[in-house]
2 protein chains.
Amino acid sequence: MSERRPGEIPEATVARLAVYLRVLTGLADDSTVTVSSEELAAIAGVNSAKLRKDLSYLGSIGTRGVGYDVTLLREKIASSLGLTQRRTCVLVGVGNLGHALAGYPGFSSRGFTFVGYFDVDPGRVGESIADSQISDISELESVVEANGVSIGVIATPAEAAQTVCDRLVDAGVTSILNFAPSVLTVPGNVDVRKVDLAAELQILSFHEHRKSRGLGDGLVESVG
Amino acid sequence: MSERRPGEIPEATVARLAVYLRVLTGLADDSTVTVSSEELAAIAGVNSAKLRKDLSYLGSIGTRGVGYDVTLLREKIASSLGLTQRRTCVLVGVGNLGHALAGYPGFSSRGFTFVGYFDVDPGRVGESIADSQISDISELESVVEANGVSIGVIATPAEAAQTVCDRLVDAGVTSILNFAPSVLTVPGNVDVRKVDLAAELQILSFHEHRKSRGLGDGLVESVG
DNA sequence: AACCGCTTGTGAACGTAAGAACAAAGTCGA
DNA sequence: TCGACTTTGTTCTTACGTTCACAAGCGGTT
Ligand SMILES: NC(=O)c1ccc[n+]([C@@H]2O[C@H](COP(=O)([O-])OP(=O)(O)OC[C@H]3O[C@@H](n4cnc5c(N)ncnc54)[C@H](O)[C@@H]3O)[C@@H](O)[C@H]2O)c1
Ligand SMILES: NC(=O)c1ccc[n+]([C@@H]2O[C@H](COP(=O)([O-])OP(=O)(O)OC[C@H]3O[C@@H](n4cnc5c(N)ncnc54)[C@H](O)[C@@H]3O)[C@@H](O)[C@H]2O)c1
């Protein structure tokens with residue numbers, strides 16, 4: 001039934017490809033030449049069958065009886081993720097979190113170039129940040145358009161997030177990473193991913209709750 | 001076939017409950033008394049059938065013909081997520097990102113109390129942070145044990161993450177939120193959630209790539 | 001007290017994802 | 001050149017998640 005067009009990679013697989021890529025970079029740094037699905041899966045913390053299936057969407061890359069060529073696999077994954085070209089990004093909202101993001105070298109090393117940092121607070125505009133400085137939000141559109149920016153990162157308070165998002169989208173941004181705890185509405189051609197840290201803690205809280213309830217129901221049952 | 005024990009809430013649902021809770025808090029602040037699944041779903045950005053099914057795992061909470069009582073629903077969700085008791089947390093690694101996390105008031109307001117901030121850098125130990133100060137990592141175990149800490153947040157470099165994780169687990173922590181780009185190995189009773197920001201950008205990159213390829217394949221096809 | 005309109009809760013259909021298992025396809029040594 | 005051995009790529013099965021569609025249930029109205 002479920003024929004998948006070649007080149008159509010499942011969403012769950014895409015998320016894992018990023019992990020494999022990071023692991024492979026580590027292996028390449030250790031001068032590892034080939035790696036088996038079993039080894040790679042162990043390091044990446046996934047099932048080896050799942051890993052092989054994930055990689056099979058990229059074509060037949062491995063060598064039976066041997067494994068995968070680390071360099072080749074890395075290139076294949078990078079190319080599937082569209083990382084052969086550097087992507088330009090902007091960051092809007094350079095507060096606590098924005099400063100941490102702006103100072104993080106891991107984005108640049110993985111192919112993302114931040115061409116602008118924007119804030120509405122006049123007290124922050126002009127401040128040096130990374131190898132650049134904070135611009136006034138009014139310059140957002142011109143920078144986005146001049147650089148063909150495709151990814152916008154939002155780290156403003158929740159109240160401002162939708163407005164900022166609308167401006168980014170109008171200026172031509174087609175992917176948004178949102179750190180504000182708010183649901184963004186965008187046109188169909190725009191992708192949004194959210195990072196909701198409080199929700200992460202709440203999910204952990206749920207499991208804590210479940211674990212302690214299980215203890216009460218199961219182990220203390222013997223009291224009756 | 002797929003009988004689900006009462007009280008067994010699917011993982012995907014748990015993640016959304018946190019979102020509903022946030023939305024409901026906003027509605028409660030606006031003094032909204034009742035809300036229909038349609039309205040709530042629209043605000044939360046999900047399908048209304050999915051929302052109703054999610055809520056149905058918590059029992060029969062709504063009133064047919066009317067909707068859900070905002071206050072009651074909020075309490076039900078909070079209780080399902082184990083948020084009736086405040087949870088104690090520690091943060092390990094107070095660098096760029098750690099500072100942002102420590103200064104964020106949204107965790108406390110949602111029921112999470114940070115009882116310790118730890119770093120290995122002697123230059124940072126003693127520094128004031130939030131309403132507390134940074135402790136030396138050597139004090140980790142005693143603080144965790146004294147406070148019955150259940151959640152540990154790791155914001156150290158990747159190299160240190162597994163070691164820190166092991167120490168947290170040995171001290172009794174059973175949930176970990178990991179910001180370092182590394183795969184953590186833990187015993188079966190410990191839950192780990194990871195936040196991988198570079199991966200988020202790479203996933204967006206994938207979709208950018210796909211969109212531009214689609215443009216080439218589909219719309220420019222008319223050149224032939 | 002009977003009806004009507006509205007909204008929930010859920011069964012059934014569909015789609016996506018995970019995992020076990022194994023045939024196919026390669027390497028390497030003799 | 002052949003055979004033993006290793007590991008991939010894929011098929012099949014089972015589990016999980018989403019969406020549709022509608023009967024059941026409730027409040028308000030006459
Ligand atoms: N700091 C954290 O660890 C953390 C954790 C979880 C979620 N968040 C969320 O991330 C977002 C940012 O958090 P933060 O701690 O950095 O907050 P912050 O208040 O320190 O920073 C917000 C920044 O956005 C700027 N800003 C406000 N409106 C703007 C606009 N319209 N255009 C451009 N800039 C604007 C402000 O001037 C400020 O500099 C918030 O939505 C917060 O809820 C932060
Ligand atoms: N800053 C970001 O925006 C960002 C984005 C994505 C991922 N990350 C990841 O989050 C982690 C932290 O990032 P950062 O930018 O804050 O780095 P950072 O170098 O600024 O901070 C790391 C802190 O951890 C401390 N540390 C090191 N080893 C430790 C140990 N064994 N025990 C306790 N503390 C220790 C260091 O002293 C330092 O203060 C890194 O793994 C990074 O890859 C950060």
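- Among the heavy atoms of the strands, none lies under 4.0 Å from A:L55.
- Listed by chain and number, the residues in a ring-ring contact (aromatic ring centres under 6.0 Å, His included) with A:F107 are A:Y104, A:F114 (sequence neighbours excluded).
- Residue A:T174 holds its OG1 atom at 9.0 Å from CG of B:L204, rounded to the nearest 0.5 Å.
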**Prompt:** Where do B:Y117 and B:V92 land on the side-chain contact (heavy atoms from CB on, under 4.5 Å) test, with the steps shown first?
**Reply:** CA-CA 6 Å; B:Y117 304 94; B:V92 184; over 6 Å; no
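- Closest of all the heavy-atom pairs between B:S36 and B:E39 is N-OE1, 2.8 Å.
- Between B:D54 atom CG and D:dC16 atom C1' there is a gap of 13 Å when expressed in whole angstrom units.
- Within the nucleic acid shown, B:A12 comes within 4.0 Å of sugar-phosphate atoms alone, with no base atom in reach, counting heavy atoms only.
- Rounded to whole Å, atom C1' of D:dT10 lies 10 Å from atom CZ of A:R52.
- Atom CD of A:E11 is separated from atom P of C:dA18 by 12 Å (rounded to the nearest Å).
- Atoms CG (B:L51) and P (C:dT8) sit 9 Å apart, rounded to a whole Å.
- One can place CD1 of B:I61 at 18 Å from P of D:dG25, the figure rounded to the nearest angstrom.
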**Request:** Could you check A:F118 against A:L91 for side-chain contact (heavy atoms from CB on, under 4.5 Å), going step by step and ending with a plain yes or no?
**Result:** CA-CA 6 Å; A:F118 302 91; A:L91 171 66; over 6 Å; no
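- Here the CZ-OG1 distance, from A:R86 to A:T88, works out to 10.0 Å after rounding to the nearest 0.5 Å.
- Sorted by residue number, the members of residues 24-43 of chain B with any non-hydrogen atom under 4.0 Å from DNA chain C read B:S36, B:S37.
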**Asked** Could you go step by step and tell me if B:Q202 and B:E200 meet the side-chain contact (heavy atoms from CB on, under 4.5 Å) rule?
**Response** CA-CA 5 Å; B:Q202 290 177 340; B:E200 295 294 333; over 6 Å; no
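- The base of C:dG19 is paired with the side chain of A:K53 by a donor and an acceptor separated by under 3.5 Å.
- Here B:L81 contributes atom CG and A:E208 contributes atom CD; the two are 13.0 Å apart, rounded to the nearest 0.5 Å.
- In the helix from C:dA1-D:dT30 to C:dA30-D:dT1, the terminal helix axes, each the rotation mapping four pairs' C1' atoms onto the next four within five end pairs, subtend 0°, rounded to 10°.
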Under 3.5 Å, side-chain donor or acceptor atoms of residues 26-34 of chain B against the rest of the protein: list the pairs with distances, not counting sequence neighbours.
unit_1 : atom_1 : unit_2 : atom_2 : d
B:T32  : OG1    : B:L27  : O      : 3.3

What nitrogen or oxygen pairs link the protein and nucleotides 1-4 of chain C at under 3.5 Å?
none

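- For the pair B:A158 and B:S182, the tightest heavy-atom approach, listed with the atom from each and the gap, is O-OG, 3.9 Å.
- Rounded to whole Å, atom C1' of C:dG9 lies 12 Å from atom OH of B:Y57.
- One N or O on the side chain of A:H99 and one on the backbone of A:G95 form a donor-acceptor pair closer than 3.5 Å.
- Distance check, rounded to the nearest 0.5 Å: OG of B:S37 to CG of B:L55 gives 8.5 Å.
- Comment: A:D69 does not engage A:R74 in a salt bridge, judged by the lack of any side-chain N to carboxylate O separation of less than 4.0 angstrom.
- Looking at which nucleotide of DNA chain C each of B:G67 and A:N47 is closest to, the 5′-most match is held by B:G67.
- The shortest distance between the side-chain N/O atoms of A:Y68 and the OP1/OP2 oxygens of D:dT6 is not below 4.0 Å.
- The NZ-P distance, from B:K50 to D:dT19, rounds to 4 Å in whole Å.
- When each of A:L168, A:I154, A:D166, A:V164 is tested with A:L184 by the rule side chain to side chain contact (heavy atoms under 4.5 Å, CB included), just one qualifies, namely A:I154.
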Contact list (N/O, under 3.5 angstrom) for nucleotides 23-27 of chain C vs protein:
unit_1 : atom_1 : unit_2 : atom_2 : d
C:dA24 : N3     : A:R64  : NH1    : 2.6
C:dA25 : O4'    : A:R64  : NE     : 3.3
C:dA25 : O4'    : A:R64  : NH1    : 3.4

